Amino acid sequence: MDSYNYYFFDLDGTISESAPGIVKAVKYGLDQAGIHEEDAEKLHSFIGPPLNVQMKKLYGMTDEQIVTAVTAFRKLYEDEGGLYDCEAYDGIEDLLYDLKKEGKVLAVASSKPEPFVRKIIDRFGFTDAFDVICGSGIGDELTKKASRGQKAEIIHKAMGQLSGNGNAESLAGRTVMIGDTNYDILGAKANSLPSVGVAYGYGSRQELEEAGAEKVADTVEDLRKLLLCGER
């Protein structure tokens with residue numbers, strides 16, 4: 001995969017080991033909506049997809065409940081600093097900057113609200129590694145704009161920004177998406193892009209393979225081998 005020009009990275013579970021802050025805030029948000037979840041697997045399933053989509057999927061929550069839960073989530077996650085309760089995966093910084101040295105163009109394409117994405121990337125000191133940083137709208141989950149297809153839209157937006165003229169399709173054939181859940185893989189497919197799944201994140205190898213990832217890396221070192229010296 002070293003012959004591609006553009007490398008799109010998901011954030012949570014791909015660059016950032018973000019479970020502690022997200023899980024704590026999700027649990028708090030659900031509590032405020034009257035749902036007291038203790039199952040760690042269900043709580044971890046909120047890492048990646050839009051919150052409102054996962055709340056509807058798991059609990060059939062009403063719009064009113066979702067607004068309550070997401071508002072409470074934001075209070076703990078943003079206002080009280082939960083978004084910084086995360087760490088970059090070991091080895092990911094070296095990988096990003098080595099890709100830059102090879103002349104690759106890097107982008108972040110995350111379903112997380114874009115202001116949060118920028119704050120976390122800046123906190124890690126990675127801002128200058130990326131030519132484009134794209135996320136969702138800050139109010140999407142409260143206005144029912146966030147959907148299962150949102151990742152595809154964010155990837156398309158990043159492609160348009162990198163093309164220089166808004167022509168996202170001009171990057172097809174030269175771009176690969178890297179992410180840890182089926183949302184990343186399916187979002188790539190919707191844009192006719194190949195993808196690499198990372199099983200060190202919050203999705204399973206089985207999930208990534210079933211979604212159609214061309215390659216799956218079990219560790220950051222495996223990802224490094226694929227992107228810097230692997231076959232296309």
Side-chain angles (χ1 to χ4, degrees), residues 1-2 4-23 25 47-50 77-78 81-138 150-151 153-164 171 174-181 183-185 187-188 193 195-203 215 217-230:
M1 297 250 170
D2 58 327
Y4 289 98
N5 302 108
Y6 301 92
Y7 290 75
F8 285 18
F9 286 83
D10 176 48
L11 177 60
D12 295 328
T14 303
I15 295 172
S16 173
E17 191 172 4
S18 50
I22 293 175
V23 167
I47 304 170
Y77 191 69
E78 182 180 17
L83 80 164
Y84 296 126
D85 192 1
C86 61
E87 295 181 358
Y89 285 103
D90 287 343
I92 200 72
E93 179 177 10
D94 288 343
L95 172 58
L96 295 174
Y97 284 98
D98 285 346
L99 285 167
K100 290 292 286 185
K101 288 176 186 175
E102 292 290 322
K104 308 302 183 182
V105 178
L106 309 184
V108 178
S110 170
S111 294
K112 186 187 290 293
E114 190 167 306
F116 298 174
V117 178
R118 291 183 177 277
K119 287 179 180 179
I120 292 168
I121 292 294
D122 186 62
R123 179 69 167 258
F124 290 158
F126 297 169
T127 299
D128 61 347
F130 295 101
D131 290 79
V132 163
I133 295 174
C134 281
S136 63
I138 189 70
Q150 185 181 54
K151 192 54 175 270
E153 296 172 5
I154 291 167
I155 292 171
H156 190 268
K157 174 184 172 184
M159 291 172 71
Q161 290 185 13
L162 281 173
S163 72
L171 269 63
R174 297 185 288 158
T175 305
V176 62
M177 177 71 202
I178 301 108
D180 69 310
T181 70
Y183 286 88
D184 303 304
I185 308 308
L193 300 183
S195 57
V196 174
V198 296
Y200 61 76
Y202 301 110
K215 302 282 185 179
D218 292 310
T219 65
V220 174
E221 182 57 32
D222 289 342
L223 180 62
R224 180 184 186 84
K225 292 174 181 175
L226 278 175
L227 299 187
L228 283 170
C229 25

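Quantities reported herein were computed from a predicted structural model and do not represent experimental measurements.
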Open item on the list: Would you compute the distance between atom CG of Leu223 and atom CD1 of Ile92 and round it to the nearest 0.5 angstrom?
Closed with: 6.0 Å

- [ ] Kindly compute the distance separating CG (Leu11) from SG (Cys86), expressed to the nearest 0.5 Å.
- [x] 7.5 Å

Task: Closest approach of Asp10 to Gly179 (non-hydrogen atoms, all atoms of both residues) - done: CB-CA, 3.9 Å

Open item on the list: For Tyr200, give me all partners under ring pair (Phe, Tyr, Trp, His ring centres under 6.0 Å), at least two apart in sequence or on another chain.
Closed with: Tyr89

Task: Minimum heavy-atom distance between Gly13 and Asp180, given as atom pair plus value - done: O-CB, 3.4 Å

TODO: Mark yes or no for whether Tyr183, through its side chain, and Pro50, through its backbone, hold a donor-acceptor pair below 3.5 Å.
DONE: no

Open item on the list: Could you work out, with salt bridge (Lys or Arg N to Asp or Glu O under 4.0 Å) as the rule, every residue matching Glu78, not counting sequence neighbours?
Closed with: Lys119

Open item on the list: Show, in sequence, the C-alpha distance, side-chain angles and deciding distance for Met159 and Phe8, and conclude whether the side chain to side chain contact (heavy atoms under 4.5 Å, CB included) test is met.
Closed with: CA-CA 9 Å; Met159 291 172 71; Phe8 285 18; 3.4 Å; yes

Open item on the list: Once salt bridge (charged side-chain N to carboxylate O under 4.0 Å, His left out) is applied, what residue pairs with a partner in residues 81-92 remain, sequence neighbours excluded?
Closed with: none

Task: Minimum heavy-atom distance Gln150-Ser136, with the two atoms named - done: NE2-CB, 3.4 Å

TODO: Taking the side chain as every heavy atom from C-beta outward, state whether Tyr202 and Glu17 have any atom pair closer than 4.5 Å.
DONE: yes

Open item on the list: Test your reading of the model: is there a side-chain donor-acceptor pair from Asp94 to the backbone of Gly91, 3.5 Å cut-off?
Closed with: no

Task: Heavy-atom closest contact (Met177 atom, Ala188 atom, distance) - done: CB-CB, 3.7 Å

Open item on the list: To check you understand the geometry: which heavy-atom pair defines the closest contact between Glu102 and Leu228, and what is its length?
Closed with: CG-CD2, 3.8 Å

TODO: State, yes or no, whether a side-chain contact exists between Asn5 and Leu171 at a heavy-atom distance under 4.5 Å.
DONE: no

Open item on the list: Asp131: which residues meet the side chain to side chain contact (heavy atoms under 4.5 Å, CB included) condition with it, sequence neighbours left out?
Closed with: Lys100, Val105, Leu162

Open item on the list: Can you tell me how far apart CG (Leu99) and OH (Tyr7) are? Round to the nearest 0.5 Å.
Closed with: 6.0 Å

Open item on the list: I need the Ile154 CD1 to Asp184 CG distance, nearest 0.5 Å.
Closed with: 10.0 Å

Open item on the list: Can you list everything that forms a salt bridge (Lys or Arg N to Asp or Glu O under 4.0 Å) with Asp98? Sequence neighbours excluded, please.
Closed with: Lys101, Arg224

Open item on the list: Rounded to the nearest 0.5 Å, what separates atom OG1 in Thr14 from atom CD1 in Ile178?
Closed with: 8.5 Å

- [ ] Return yes if some donor-acceptor pair links the side-chain N/O of Asp122 with the main-chain N/O of Thr127 below 3.5 Å, else return no.
- [x] no

Open item on the list: Please enumerate all residues that pass side chain to side chain contact (heavy atoms under 4.5 Å, CB included) together with Tyr97, with sequence neighbours excluded.
Closed with: Glu93, Phe126, Asp128, Ala129

Open item on the list: Under the criterion side chain to side chain contact (heavy atoms under 4.5 Å, CB included), I'd like the reasoning laid out for Ile47 against Val23: C-alpha separation, chi angles, the key distance, then a yes or no.
Closed with: CA-CA 8 Å; Ile47 304 170; Val23 167; 4.3 Å; yes

Task: Contact check, side chains of Leu96 and Phe130, non-hydrogen atoms, under 4.5 Å - done: yes

- [ ] Drop me the distance from Lys215's NZ to Leu226's CG, to the nearest 0.5 angstrom.
- [x] 6.5 Å

Residues 110-118 side chain polar contacts: donor-acceptor under 3.5 Å, at least two apart:
unit_1, atom_1, unit_2, atom_2, d
Ser110, OG, Lys112, N, 3.0
Lys112, NZ, Asp12, OD2, 3.0
Lys112, NZ, Tyr77, OH, 2.7
Glu114, OE1, Gly135, N, 3.1
Glu114, OE1, Lys157, NZ, 3.2
Glu114, OE2, Arg118, NE, 3.3
Glu114, OE2, Arg118, NH2, 3.3
Arg118, NH2, Ile133, O, 3.1

